[in-house]
There are 2 protein chains.
Amino acid sequence: MDEIDEIREFNRFYTRELGLLARSSLGSGLGTGEVRVLYELQHGGPWVARDLAQRLALDEGYLSRVLKGFERRGWIERRPDAGDARRRGIALTPAGAAAMAPLEDATRAEIAARLERLDPDARAGLLAGAAAVRRAFGDPDLPEPPLRFTDLAPGDAGWIISRHGALYARDEGYDQTFEALVAGIVADFIRTRDPDRGRAWIARAGQDRLGCIFCVRETDEVAQLRLFLLEPAARGRGLGRRMLDLCLGFAREAGYRRMVLWTHESHRAACALYAAAGFSMTGETPAVAFGQAVVDQTWERDL
Amino acid sequence: MDEIDEIREFNRFYTRELGLLARSSLGSGLGTGEVRVLYELQHGGPWVARDLAQRLALDEGYLSRVLKGFERRGWIERRPDAGDARRRGIALTPAGAAAMAPLEDATRAEIAARLERLDPDARAGLLAGAAAVRRAFGDPDLPEPPLRFTDLAPGDAGWIISRHGALYARDEGYDQTFEALVAGIVADFIRTRDPDRGRAWIARAGQDRLGCIFCVRETDEVAQLRLFLLEPAARGRGLGRRMLDLCLGFAREAGYRRMVLWTHESHRAACALYAAAGFSMTGETPAVAFGQAVVDQTWERDL
DNA sequence: CAAGACACTTGATCCCGTCAAGTATTTTGC
DNA sequence: GCAAAATACTTGACGGGATCAAGTGTCTTG
């Protein structure tokens with residue numbers, strides 16, 4: 001049972017699942033192909049026949065006949081393309097949308113009934129799993145959930161600790177005590193924080209946590225940037241910079257004059273980001289930490 | 001865009017995905033229905049026609065003809081059922097398996113090619129997502145990943161903290177400081193643990209973490225059970241009892257004479273488990289913890 | 001032990017979906 | 001600048017996938 005077999009199993013399973021859900025279109029007198037075309041027309045704006053055929057992997061001849069049928073029933077309108085007389089823009093008419101309404105209701109009802117039998121946890125798992133599959137395959141239609149930056153909510157502290165532990169173990173070979181160290185830092189932050197002088201942000205997209213950054217008091221004048229982490233999958237999209245700016249902005253408003261941070265030479269991407277954000281390295285010392293030889297660095301900038 | 005729409009989007013998306021993958025069976029001269037039947041016959045052992053039709057949602061008449069074709073080609077064998085002369089056991093012959101081999105190879109190759117284009121993270125996400133969907137729908141064919149009980153690995157400490165924080169906030173209304181407390185306990189455990197006298201277990205199924213339990217030293221004679229937690233989805237299946245027994249067994253072997261634990265009155269299921277495992281309550285005091293009024297309890301048992 | 005349910009099979013039929021050829025328009029190559 | 005190739009679409013022809021209904025034995029049930 002390898003990766004390929006797992007996908008095959010899933011394909012077989014979901015083929016059956018789709019078969020069950022397809023019953024809802026039975027009453028309409030339309031075939032699956034026709035329903036798929038209508039759905040795309042309803043959700044996708046004006047289409048060119050060829051693109052539609054390609055997207056749905058339908059035979060162009062078949063599609064031509066399907067569209068002709070729709071036109072005869074007044075469900076679609078085709079208007080010549082300005083600039084290319086071969087193509088015609090296909091759009092659903094109000095009558096077409098009306099004709100689709102009962103079908104729409106039936107599929108929605110069918111899915112609703114299917115979901116009804118699931119408990120809330122399973123339902124959440126289903127949606128998360130479905131989104132994960134689409135994301136993995138790179139479905140361009142998958143809506144990007146909005147990015148949010150929140151303060152610590154229940155579970156966040158542990159997540160920060162867990163991801164620091166796991167990623168530093170993977171990338172730097174750190175041992176368990178690093179995770180314990182982070183746990184101590186986070187616990188301390190929660191217990192002693194002064195909302196005016198210290199702040200934590202979690203970057204979220206939908207249900208997922210993408211990263212975190214902390215601003216903590218070192219002295220009245222000096223803020224320290226700590227626990228800056230980005231999930232590997234979320235890197236390279238400017239998110240790190242946004243989080244840095246959030247942190248710098250808060251430090252400025254909180255009245256700090258300077259911001260300092262620690263990092264390691266091996267974090268090239270992070271170091272580049274610090275440099276781009278106006279930090280400069282003020283010291284570098286070789287050290288042994290968490291079972292690994294590292295080069296500690298301190299960086300700072302005025303605010 | 002509600003739950004139902006998300007599922008519909010996924011259905012549309014995966015219908016397209018399946019359409020692409022179905023090309024691999026094109027060269028064989030077999031239709032999708034025939035391929036599905038062959039697959040089931042190959043993986044599912046002897047079938048009765050009716051069950052097969054039901055599973056694949058195929059018309060019985062159609063299936064009858066398909067099977068007749070297979071029999072004519074010597075791909076299947078049907079032997080009368082002992083005890084019911086109406087039914088016949090359908091099984092793939094070696095010749096049938098051989099006929100399927102190139103098709104098998106083609107689908108595997110098609111999927112392999114599809115996976116090749118994905119980076120490792122996406123691939124892991126895909127498999128996890130697919131499994132999540134099947135689990136949510138309650139697919140009985142989804143293999144249960146084997147249960148394992150491991151010591152702390154990178155990321156586990158943080159997970160323990162995160163889940164304690166999230167679940168106690170949800171169920172008991174505890175505030176952030178509880179998560180910080182747990183972080184302190186776990187950090188302390190990692191830093192000061194003596195492998196002979198303290199132990200932690202994470203219950204895992206595949207990639208998922210289902211729960212945790214700790215045995216820590218209180219005095220040379222007395223062990224303390226701590227940080228016992230089970231994911232809600234994993235409760236009610238005897239897993240808690242197994243973890244308790246692991247913990248008690250370790251404490252016994254480590255030479256402890258007695259085991260104590262703290263809990264709260266509101267944890268009814270856990271308390272019942274403790275009682276069933278031979279613990280008895282030794283004290284009860286009302287208290288205020290983490291923003292909530294609670295009734296602290298201490299339990300203990302001899303080893 | 002008859003009536004009904006059950007496991008299939010067979011017949012009739014439809015239309016889904018595919019291949020191939022044809023038309024009009026646009027792009028490309030020399 | 002014009003023929004050849006490509007593109008967007010249509011139409012024709014056709015096979016067989018899929019469905020409904022009726023039929024045949026066999027088993028279960030009241």
Side-chain angles (χ1 to χ4, degrees), chain A residues 15-16 18-20 22-41 46-73 76-91, chain B residues 15-16 18-41 46-73 76-91 103:
Chain A
T15 301
R16 270 183 282 135
L18 288 169
L20 295 180
R23 288 175 311 185
S24 57
S25 58
L26 235 66
S28 66
L30 284 88
T32 51
E34 292 171 311
V35 172
R36 293 178 70 205
V37 171
L38 279 176
Y39 192 105
E40 292 296 333
L41 287 172
W47 280 93
V48 174
R50 164 151 296 226
D51 298 339
L52 204 51
Q54 206 144 28
R55 175 170 176 89
L56 299 177
L58 290 176
D59 179 80
E60 289 185 41
Y62 175 51
L63 178 61
S64 177
R65 264 180 275 265
V66 166
L67 291 174
K68 197 203 247 177
F70 288 168
E71 197 167 33
R72 189 176 43 73
R73 282 179 271 191
I76 59 168
E77 227 175 24
R78 293 195 268 195
R79 50 186 57 205
D81 185 296
D84 190 337
R86 290 172 305 178
R87 356 175 76 195
R88 287 195 283 168
I90 306 161
Chain B
T15 300
R16 269 183 284 134
L18 288 169
L20 296 181
L21 290 172
R23 288 175 310 183
S24 57
S25 59
L26 235 66
S28 66
L30 284 90
T32 52
E34 291 172 309
V35 172
R36 292 178 71 205
V37 171
L38 280 176
Y39 191 105
E40 292 296 334
L41 287 172
W47 280 92
V48 173
R50 164 153 297 228
D51 298 340
L52 204 51
Q54 207 143 28
R55 176 170 175 88
L56 299 177
L58 292 176
D59 180 78
E60 289 186 40
Y62 175 52
L63 178 61
S64 177
R65 264 180 273 265
V66 167
L67 291 174
K68 197 204 248 175
F70 289 167
E71 197 169 33
R72 189 175 45 70
R73 282 178 271 190
I76 60 168
E77 226 175 25
R78 295 195 266 195
R79 48 188 57 207
D81 186 294
D84 190 337
R86 289 172 305 179
R87 359 175 75 195
R88 285 195 283 169
I90 306 161
L103 196 126

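Letters go in sequence order (proteins before strands), and every chain restarts at 1.
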Quick one: which of C:dA24, C:dA7, D:dC20 gets closest to the side chain of A:Arg86?
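The answer is C:dA24.
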Out of C:dC16, D:dT26, C:dC19, whichever nucleotide has its closest atom nearest the side chain of A:Asp59:
C:dC19
How many Å lie between [atom1] on [X] and [atom2] on [N], as a whole number?
| X | N | atom1 | atom2 | result |
| --- | --- | --- | --- | --- |
| A:Arg55 | D:dA8 | CZ | P | 18 Å |
| A:Arg87 | D:dA6 | CZ | P | 18 Å |
| A:Arg50 | C:dT25 | CZ | P | 17 Å |
| A:Gln54 | D:dT7 | CD | P | 10 Å |
| B:Tyr62 | C:dC16 | OH | P | 16 Å |
| B:Leu67 | C:dT10 | CG | C1' | 14 Å |
| A:Glu60 | D:dT10 | CD | C1' | 10 Å |
| A:Leu63 | D:dC9 | CG | C1' | 10 Å |

Hey, could you give me the CG/CD1 distance between B:Leu63 and B:Ile90, rounded to the nearest 0.5 Å?
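Interatomic distance, B:Leu63 CG to B:Ile90 CD1, rounded to 0.5 Å: 6.5 Å.
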Look up atom CZ in A:Arg36 and atom CZ in A:Arg55, then write down how far apart they are to the nearest 0.5 Å.
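Here the rounded value is 9.5 Å.
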Tell me whether the OP1 or OP2 atom of [N] has a side-chain N or O from [X] closer than 4.0 Å.
| X | N | value |
| --- | --- | --- |
| B:Arg78 | C:dT9 | yes |
| A:Lys68 | D:dT11 | yes |
| B:Arg88 | D:dT26 | no |

Any Lys/Arg nitrogen of A:Arg73 or A:Glu71 sitting under 4.0 Å from an Asp/Glu carboxylate oxygen of the other?
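No salt bridge links A:Arg73 with A:Glu71.
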Which heavy-atom pair separates B:Glu60 from B:Ala53 by the least distance, and what is that distance?
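So the minimum-distance heavy-atom pair works out to CG-CB, 3.9 Å.
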Please tell me if the side chains of A:Leu52 and A:Leu41 come closer than 4.5 Å, counting only heavy atoms from C-beta onward.
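Sidechains of A:Leu41 and A:Leu52: in contact.
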Kindly say whether, by distance alone, the side chain of B:Arg65 makes a donor-acceptor pair under 3.5 Å with the base of D:dG16?
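Absent.
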